[in-house]
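Please read all numbers here as calculations on a predicted model, not as lab measurements.
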Amino acid sequence: MAEQRGRPRGYCACCAKRLKNEADGNAMYTLSRSKLVPAHDSDNDDDDDSVPDTTSPSKVFVTSLYVWGVFLLSAFTMTIVHARVPDMSTYRPLPDIALDNIPRIPWAFQLSEAIGAIFFVTFLITVLFHKHRLLIICRLNILLGTVFLLRCCTMFVTSLSVPGLHLHCKPESYDTYEEIIWRSIEITSGFGMSLTGVHTCGDYMFSGHTVVLTMFNMGITEYTPRRLHSFHTLTWVMNIFGIFFVLAAHEHYSIDVVIAFVITSRLFLYYHALANSGVLTAGDHVRLREWFPMFTYVEEHWNGSRVPNVYSNPATDLKAYISSRFGSRKRTGDKKKK
């Protein structure tokens, strides 16, 4: 009774206990969030030079085999679908909101390829001087290979009619598989670009040019310093114009471009969100390895944080790698001789 007289009016022991539990739960939730989702959005993260690149050159080799194998398969599929492209005299171009309202610009397709070439050179220079160049190469190989593997399926299952009457497309058949293989190698070596003399028909769903433009643009914005806002805005403007030029050339339907942009951008963002979440360091990831084998293969030794944009001299790094790799073996051999 004495304790009850000292408590304020309206005091409830059960309510007080519940409030205490809620406060403790909120504190635990806040702690968990701070541990599980660290903040990596500030521009200062680019200055973190303490994170080593744990990606081995063997992973670069394996992922490069993956992406180039997919490129060859994609070229093989393009050759197959060219052989069964719909007859232009029978199947007219489909109604399209963009192609029906945008006059055709003859030089637009070459200009979109020129923008893609600029993106490629810019990304290549960025990766060459990036401290985590091996990890970035592996990631891009996986992303490009996966998107183009999906493109092989969409090209093969449905053949759309030719989008423009200016395209002189007719079924092109081959007598032997050897001719198909040589044609596939020709397409792959020319990177499927009209600037290199490669011309194909039937490979419409979805746009490979849009995939390349979007993938390299997002790679540039991700792995260049975050404070370069004006430069990132410029690359996005060039990306949008490059996609517009694909449509202005009447080389693809609008749906080809939209699907390509959505798939490429979502896959890039989802991959990096998963890589930056630390999911592989959270515990058992057997199910993740089953569903995403290439992801776990490349990211298994990464610390689960956003890649800091720190740069170094590639020649110096190569010299240090060779010294650490073969110098240690030489010292071990000398010790055994002694």
Side-chain angles (χ1 to χ4, degrees), residues 57-83 85 109-110 112-124 127-128 133-159 172 174 177-220 242-243 246 251-252 256-257 259-261 263-265 267-268 271 292-295 297-298:
S58 61
K59 293 184 178 182
V60 177
F61 177 75
V62 172
T63 56
S64 297
L65 284 180
Y66 169 69
V67 70
W68 281 103
V70 171
F71 285 162
L72 280 172
L73 179 62
S74 178
F76 182 84
T77 307
M78 292 165 67
T79 305
I80 297 298
V81 299
H82 194 168
V85 64
F109 200 58
Q110 286 74 23
S112 71
E113 294 182 341
I115 295 175
I118 293 173
F119 279 174
F120 173 75
V121 173
T122 304
F123 183 80
L124 187 65
V127 171
L128 184 64
R133 60 183 68 87
L134 298 184
L135 177 62
I136 297 174
I137 292 173
C138 289
R139 287 181 173 181
L140 188 78
N141 287 342
I142 292 175
L143 292 171
L144 277 177
T146 303
V147 175
F148 273 90
L149 187 61
L150 178 60
R151 184 172 182 262
C152 292
C153 300
T154 57
M155 283 191 301
F156 182 76
V157 296
T158 304
S159 294
E172 186 174 321
Y174 299 91
Y177 280 106
E178 183 179 356
E179 294 180 355
I180 297 177
I181 293 174
W182 278 112
R183 174 57 177 166
S184 302
I185 295 174
E186 180 184 352
I187 295 174
T188 305
S189 60
F191 300 101
M193 299 172 61
S194 62
L195 290 177
T196 59
V198 176
H199 299 280
T200 59
C201 293
D203 54 324
Y204 302 125
M205 178 60 70
F206 42 87
S207 170
H209 285 69
T210 303
V211 170
V212 172
L213 286 168
T214 306
M215 187 69 73
F216 282 125
N217 170 43
M218 299 190 75
I220 291 169
I243 294 173
V246 172
E251 295 283 343
H252 276 282
D256 305 338
V257 170
I259 294 297
F261 179 81
I263 290 178
T264 305
S265 60
L267 186 63
F268 187 96
Y271 183 100
F292 307 105
M294 295 296 291
F295 172 82
Y297 172 70
V298 171

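- The neighbour count for F156 CZ, taken as heavy atoms of other residues, nucleotides or ligands under 6.0 Å away, does not exceed 12.
- To the nearest 0.5 Å, atom CZ of residue F191 and atom OG1 of residue T188 are 9.5 Å apart.
- Under the 30°/60° scheme for interplanar angles, the aromatic rings of F109 and H209 are found to be tilted.
- For the pair E251/S207, no side-chain contact is recorded, criterion being any heavy-atom separation below 4.5 Å from C-beta on.
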Derivation of the side-chain contact (heavy atoms from CB on, under 4.5 Å) call for Y66 and L149: CA-CA 10 Å; Y66 169 69; L149 187 61; 4.3 Å; yes

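- For the ring-ring contact (aromatic ring centres under 6.0 Å, His included) test with F216, the passing option among F119, F123, F268 is F123; the others fail.
- Judged by distance alone, the side chain of T158 and the main-chain N or O of T154 form no donor-acceptor pair under 3.5 Å.
- Residues M294 and T63 have side chains in contact (heavy-atom distance under 4.5 Å, counting atoms from C-beta outward).
- To the nearest 0.5 Å, the span separating NE2 on H199 from CD on E172 amounts to 12.0 Å.
- Residues satisfying the disulfide (SG to SG under 2.5 Å) criterion with C152, sequence neighbours excluded, are absent altogether.
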Is there a side-chain contact (heavy atoms from CB on, under 4.5 Å) between R183 and T200 once you walk through the steps? CA-CA 11 Å; R183 174 57 177 166; T200 59; 3.9 Å; yes

Test side-chain contact (heavy atoms from CB on, under 4.5 Å) applied to K59 and L134, step by step: CA-CA 8 Å; K59 293 184 178 182; L134 298 184; over 6 Å; no

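- Side-chain contact between F206 and V147 is present, with at least one heavy-atom pair separated by less than 4.5 Å.
- Other residues, nucleotides and ligands place no more than 12 heavy atoms under 6.0 Å from the CZ atom of F120.
- We find the CG-SG distance between L143 and C138 to be 11.0 Å, quoted to the nearest 0.5 Å.
- With hydrogens and angles ignored, the 3.5 Å screen pairs no side-chain donor or acceptor of T264 with any backbone N or O of F261.
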Tell me, with the steps shown, if F148 and L73 meet side-chain contact (heavy atoms from CB on, under 4.5 Å). CA-CA 9 Å; F148 273 90; L73 179 62; over 6 Å; no

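- Counting all heavy atoms, side chain and backbone alike, S112 lies closest to L213 at O-CD2, 3.9 Å.
- Not one N or O on the side chain of H82 forms a donor-acceptor pair closer than 3.5 Å with the backbone of G202.
- Taking the salt bridge (Lys or Arg N to Asp or Glu O under 4.0 Å) definition, one finds that D203 meets it with R151, sequence neighbours left out.
- With contacts defined as side-chain heavy-atom distances shorter than 4.5 Å, the pair R133/V60 does not qualify.
- Checked by atom type and distance alone, the side chain of S189 pairs as donor or acceptor with a backbone atom of E186 at under 3.5 Å.
- Counting heavy atoms from C-beta outward, V67 and L140 have side chains that stay 4.5 Å or more apart.
- The distance from the OG1 atom of T214 to the CD1 atom of I263 is 11.0 Å, given to the nearest 0.5 Å.
- Rounding to the nearest 0.5 Å places CD1 of I243 at 12.5 Å from CG of D256.
- Listed for the S184 side chain is a donor-acceptor partner under 3.5 Å among the backbone atoms of I180.
- Side-chain atoms of E113 come within 3.5 Å of backbone atoms of L195 as a donor-acceptor pair (strictly under, hydrogens ignored).
- Separation of atoms OG1 (T146) and CG (N141) is listed at 10.0 Å; rounding is to 0.5 Å.
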